[in-house]
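Below you'll find the structure, written out as structure tokens, and then a few comments.
Predicted model only: the values in this text are computed from it and were never measured.
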Amino acid sequence: MRADHEAGGVEGVLGQLLGQDLNRWLPFAAGSSLGRVPASVADGLTQPTAAVVLAAYATVATVLALTTTVRRDVA
């Protein structure tokens, strides 16, 4: 199984557990709102909010990657 399928499956299950109100803050839903996918426009985030949410996810992922890489680097 490819990693993108696993991530989508995890986000789908997590979205069901969180409910509709919190589901729209997950990366896939925010990306759909940013691209204005018709099914997500009615209950999704606005485009500027979706852009901020996705930028925040990218920032958190970058910081985590940098901190774990520096700590695990073997000289």
Side-chain angles (χ1 to χ4, degrees):
M1 181 176 279
R2 291 184 6 205
D4 57 342
H5 290 299
E6 290 178 16
V10 170
E11 189 172 335
V13 171
L14 186 61
Q16 289 179 352
L17 292 174
L18 292 176
Q20 187 63 29
D21 291 337
L22 295 176
N23 183 35
R24 64 186 179 159
W25 296 97
L26 294 174
F28 182 77
S32 296
S33 293
L34 185 62
R36 291 210 179 259
V37 176
S40 67
V41 172
D43 58 350
L45 302 171
T46 63
Q47 282 185 318
T49 304
V52 170
V53 168
L54 290 174
Y57 275 114
T59 302
V60 169
T62 302
V63 169
L64 286 173
L66 287 172
T67 57
T68 57
T69 301
V70 169
R71 279 192 272 158
R72 295 180 184 171
D73 189 23
V74 179

Inset, instruction - Supply the members, apart from Leu64, of the Ile/Leu/Val/Met/Phe/Trp/Tyr cluster built from side-chain contacts under 4.5 Å; use none for a lone residue. - result: Val60

Legend entry - Nearest atoms (heavy-atom pairs only) where Leu45 meets Ala30: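 Looking at all heavy atoms of both residues, the closest pair is CD1-CB, 4.2 Å.
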
Legend entry - Inter- and intrachain pairs under side chain to side chain donor-acceptor pair (under 3.5 Å), touching residues 52-63, at least two apart: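 Not a single pair qualifies under side chain to side chain donor-acceptor pair (under 3.5 Å).
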
Inset, instruction - Just jot down the side-chain contact (heavy atoms from CB on, under 4.5 Å) partners of Thr46, sequence neighbours excluded, or say none. - result: Pro48, Thr49

